[in-house]
Participant: 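Would you mind keeping the following structure in view while I ask a few things?
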There are 2 protein chains.
Amino acid sequence: MSNSKLYKGSLNTIILKLLNENDKMYGYEITQKVKELTKGELKITEGALYPALHKLEAQGLLDVEVAKVDNRLRKYYKLTENGTKETANKLEELAEYIKTMQTLVNPKLA
Amino acid sequence: MSNSKLYKGSLNTIILKLLNENDKMYGYEITQKVKELTKGELKITEGALYPALHKLEAQGLLDVEVAKVDNRLRKYYKLTENGTKETANKLEELAEYIKTMQTLVNPKLA
DNA sequence: CAAATATACATAATTTTCTTATGTATAAGT
DNA sequence: ACTTATACATAAGAAAATTATGTATATTTG
């Protein structure tokens with residue numbers, strides 16, 4: 001992620017959530033989707049994305065399937081069963097994090 | 001921060017916001033306040049807090065004042081003028097981050 | 001009254017997670 | 001022809017935590 005002053009630790013949640021919605025996606029597609037959804041506000045860098053995908057795969061949360069399109073390589077990732085469970089956990093964590101930050105930062109609304 | 005699976009990068013925002021509300025606080029007090037406000041959900045570790053305070057001071061965002069209470073040392077921190085400005089920036093950033101994450105993770109609500 | 005817990009600071013080693021820089025290769029636009 | 005887009009990858013370095021220690025005093029508890 002770059003140009004955004006964001007918070008470390010949210011990349012995995014983003015990846016998992018997108019795969020939960022879109023069944024299967026490849027890396028470059030994820031970067032474009034995030035750019036599109038956030039209207040350019042959030043740009044996922046390749047240096048962050050690819051290692052993250054590899055790690056999620058190594059953890060058994062993603063399956064990979066290689067394809068060749070227009071003579072170019074694509075690696076399609078999809079959630080495993082554990083990946084789907086972990087997605088739910090991560091989303092729960094994010095919701096709690098946001099709630100916690102709001103109690104700290106805007107106690108009147110909490 | 002620990003026991004919370006939170007997102008790195010939010011500690012400075014928390015510190016600045018608390019000092020914005022409470023005029024002056026010392027390190028240990030901050031850890032207790034956060035624990036109290038979040039009902040134990042968020043625990044700021046000393047290993048994270050003290051270096052963060054030193055860095056904010058070095059950046060000119062905090063002033064420090066040493067006191068001795070009950071024969072024990074306390075270092076009271078308070079916002080400088082720049083610190084107050086930076087607090088507003090950090091809170092704005094946090095609000096934007098939360099909004100961005102919600103568009104990604106819950107597009108229906110965004 | 002001894003031991004454990006709380007208060008209050010600090011730093012070093014390590015880990016996690018990112019940015020920045022670089023590299024390879026093909027396809028499409030100008 | 002040259003630049004931009006597509007598509008992957010990794011290495012070096014920075015930032016921000018965690019975990020593990022260390023020092024010292026005060027208070028609570030068995």
Side-chain angles (χ1 to χ4, degrees), chain A residues 1-16 24-36 40 42-59 61-62 64-77 90 93-94 97 100-101, chain B residues 1-16 24-36 40 42-59 61-62 64-77 90 93-94 97 100-101:
Chain A
M1 290 187 277
S2 74
N3 302 329
S4 50
K5 284 158 194 153
L6 284 206
Y7 297 92
K8 299 184 177 183
S10 38
L11 179 56
N12 285 339
T13 307
I14 292 172
I15 293 172
L16 292 173
K24 69 175 188 177
M25 298 180 85
Y26 56 100
Y28 186 77
E29 188 185 6
I30 292 176
T31 67
Q32 299 309 300
K33 192 73 180 177
V34 168
K35 212 194 288 180
E36 177 204 322
L42 182 53
K43 280 165 194 152
I44 292 182
T45 62
E46 296 166 299
L49 178 66
Y50 292 116
L53 287 172
H54 300 159
K55 196 172 179 189
L56 290 170
E57 190 198 346
Q59 290 170 341
L61 303 181
L62 301 184
V64 81
E65 183 198 327
V66 178
K68 203 154 196 180
V69 179
D70 285 338
N71 203 34
R72 259 181 315 212
L73 200 71
R74 276 187 195 171
K75 292 198 173 174
Y76 281 99
Y77 291 93
K90 289 279 187 192
E93 265 174 32
L94 176 63
Y97 165 75
T100 298
M101 286 306 287
Chain B
M1 290 187 276
S2 75
N3 303 328
S4 51
K5 284 155 195 155
L6 283 209
Y7 298 90
K8 299 182 179 185
S10 38
L11 179 56
N12 283 341
T13 308
I14 293 171
I15 293 171
L16 292 174
K24 71 175 187 178
M25 297 180 84
Y26 56 99
Y28 186 77
E29 187 184 8
I30 292 176
T31 67
Q32 300 309 299
K33 193 71 179 175
V34 169
K35 212 194 286 181
E36 177 203 322
L42 182 54
K43 280 165 195 152
I44 292 182
T45 62
E46 296 165 301
L49 179 65
Y50 291 116
L53 287 171
H54 300 160
K55 196 173 178 189
L56 290 170
E57 190 198 345
Q59 290 169 341
L61 304 180
L62 302 185
V64 81
E65 183 198 326
V66 178
K68 202 155 196 177
V69 179
D70 284 339
N71 204 33
R72 258 180 317 211
L73 200 72
R74 276 187 194 170
K75 291 196 173 176
Y76 282 99
Y77 290 92
K90 289 280 188 192
E93 264 175 33
L94 176 63
Y97 165 75
T100 298
M101 285 306 287

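Heavy-atom basis, side chains included; hydrogens, waters and symmetry copies ignored. What you see is a predicted model, and the numbers here were worked out from it, not measured in a lab. A, B, ... follow the sequence lines: proteins, then strands. Residue 1 opens every chain.
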Participant: For Ile44(B) and dA16(D), give me the distance from atom CD1 to atom C1', rounded to whole Å.
Facilitator: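 After rounding, the reported distance stands at 13 Å.
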
Participant: Phosphate oxygens OP1/OP2 of dC8(D): is one of them under 4.0 Å from a side-chain N or O of His54(A)?
Facilitator: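 Result: no.
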
Participant: With a 3.5 Å cut-off and heavy atoms only, can you find an N or O donor on one side and an acceptor on the other between the side chain of Lys8(A) and the base of dT16(C)?
Facilitator: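 No, the side chain and the base share no sub-3.5 Å donor-acceptor pair.
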
Participant: Just the rounded figure in Å: distance from P of dA21(C) to CG of Leu49(A).
Facilitator: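 Answer to the nearest Å: 19 Å.
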
Participant: Between dA10(C), dT20(C), dA7(D), which nucleotide has the shortest distance from any of its atoms to the side chain of Glu46(A)?
Facilitator: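 Ranking dA10(C), dT20(C), dA7(D) by closest atom to the Glu46(A) side chain puts dA7(D) first.
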
Participant: Under 4.0 Å between a side-chain N or O of Tyr50(B) and OP1 or OP2 of dA10(C)?
Facilitator: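 So the side chain of Tyr50(B) is outside the cut-off, no N or O lying under 4.0 Å from OP1 or OP2 of dA10(C).
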
Participant: Relative to the 5' end of DNA chain D, which residue comes earlier, Asn12(B) or Leu73(A), by the nucleotide with the nearest heavy atom?
Facilitator: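 With Asn12(B) and Leu73(A) compared, the 5'-side residue is Leu73(A).
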
Participant: Tell me whether the side-chain N/O atoms of Lys55(A) come closer than 4.0 Å to OP1 or OP2 in dT17(C).
Facilitator: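 For Lys55(A), the contact criterion (side-chain N or O under 4.0 Å from OP1 or OP2 of dT17(C)) is met.
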
Participant: Nearest heavy-atom pair of Leu11(A) and Ala52(A): which atoms, and what distance?
Facilitator: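 Closest approach of Leu11(A) to Ala52(A): CD2-CB, 4.0 Å.
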
Participant: Quick one: label Gly27(A) by what it contacts on the DNA or RNA (base, sugar-phosphate, nothing), any heavy atom closer than 4.0 Å.
Facilitator: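 Contact class for Gly27(A): sugar-phosphate only.
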
Participant: Tyr7(A) has an atom OH; how far is it from atom P of dA15(D), in whole Å?
Facilitator: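 Rounded to whole Å, this separation is 16 Å.
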
Participant: Taking all non-hydrogen atoms of both residues into account, name the closest pair between Thr31(B) and Ile44(B) and its distance.
Facilitator: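 The answer is CG2-O, 3.8 Å.
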
Participant: What is the distance, to the nearest angstrom, from the OH atom on Tyr76(A) to the P atom on dT6(D)?
Facilitator: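 The distance from OH of Tyr76(A) to P of dT6(D) comes to 14 Å, rounded to the nearest Å.
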
Participant: Report the residue (Ala52(A) or Pro51(B)) whose heavy-atom-nearest nucleotide on DNA chain C is the more 5′ of the two.
Facilitator: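 With Ala52(A) and Pro51(B) compared, the 5'-side residue is Pro51(B).
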
Participant: Can you measure Lys68(A) atom NZ to dA7(D) atom P for me and round it to whole angstrom units?
Facilitator: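 One finds 13 Å between P of dA7(D) and NZ of Lys68(A), rounded.
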
Participant: Do any N or O atoms from the side chain of Glu29(A) and from the backbone of Tyr26(A) form a donor-acceptor pair under 3.5 angstrom?
Facilitator: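 Here the side-chain-to-backbone pair exists.
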
Participant: Starting from C1' on dT7(C), measure out to NZ on Lys43(B) and report it in whole angstrom.
Facilitator: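 Result: 17 Å.
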
Participant: Between Tyr28(A) and dA5(D), does any side-chain N or O lie under 4.0 Å from OP1 or OP2?
Facilitator: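 Checking Tyr28(A) against dA5(D): no side-chain N or O falls below 4.0 Å of OP1 or OP2.
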
Participant: Reckon Lys75(B) has a side-chain N or O less than 4.0 Å from the OP1 or OP2 of dA10(C)?
Facilitator: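 Answer yes for this pair, as a side-chain N or O of Lys75(B) is under 4.0 Å from OP1 or OP2.
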
Participant: Could you please spell out the steps behind the side chain to side chain contact (heavy atoms under 4.5 Å, CB included) verdict for Tyr97(B) and Ser10(B)?
Facilitator: CA-CA 11 Å; Tyr97(B) 165 75; Ser10(B) 38; over 6 Å; no

Participant: Rounded to the nearest Å, what distance is computed from the CD1 atom of residue Ile15(A) to the C1' atom of nucleotide dC18(C)?
Facilitator: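 From Ile15(A) CD1 to dC18(C) C1': 12 Å.
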
Participant: Are any non-hydrogen side-chain atoms of Tyr7(B) and Leu94(A) less than 4.5 angstrom apart?
Facilitator: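 They are in contact (side-chain heavy atoms under 4.5 Å apart), so the answer is yes.
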
Participant: Using a cut-off of strictly less than 4.0 Å, decide whether Tyr26(B) has a side-chain nitrogen or oxygen near OP1 or OP2 of dA8(C).
Facilitator: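 Checking Tyr26(B) against dA8(C): at least one side-chain N or O falls below 4.0 Å of OP1 or OP2.
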
Participant: So, is Asn71(B) close to the dA24(D) phosphate, meaning a side-chain N or O under 4.0 Å from OP1 or OP2?
Facilitator: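 No, outside the criterion.
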
Participant: How many whole angstroms separate atom NZ of Lys35(A) from atom C1' of dA7(D)?
Facilitator: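 Nearest whole value for this atom pair: 13 Å.
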
Participant: Does the side chain of Arg74(B) get closer than 4.0 angstrom to OP1 or OP2 of dA8(C) through an N or O atom?
Facilitator: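 So the side-chain polar atoms of Arg74(B) do come within 4.0 Å of the phosphate oxygens OP1 or OP2 of dA8(C), strictly under.
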
Participant: Is there a side-chain contact between Glu65(A) and Lys24(A), using heavy atoms and a 4.5 Å cut-off?
Facilitator: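 Side-chain contact under 4.5 Å: yes.
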
Participant: On DNA chain C, check which nucleotide each of Gln32(B) and Tyr77(B) is closest to and give me the residue with the more 5' one.
Facilitator: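 Its nucleotide being nearer the 5' end, the pick is Gln32(B).
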
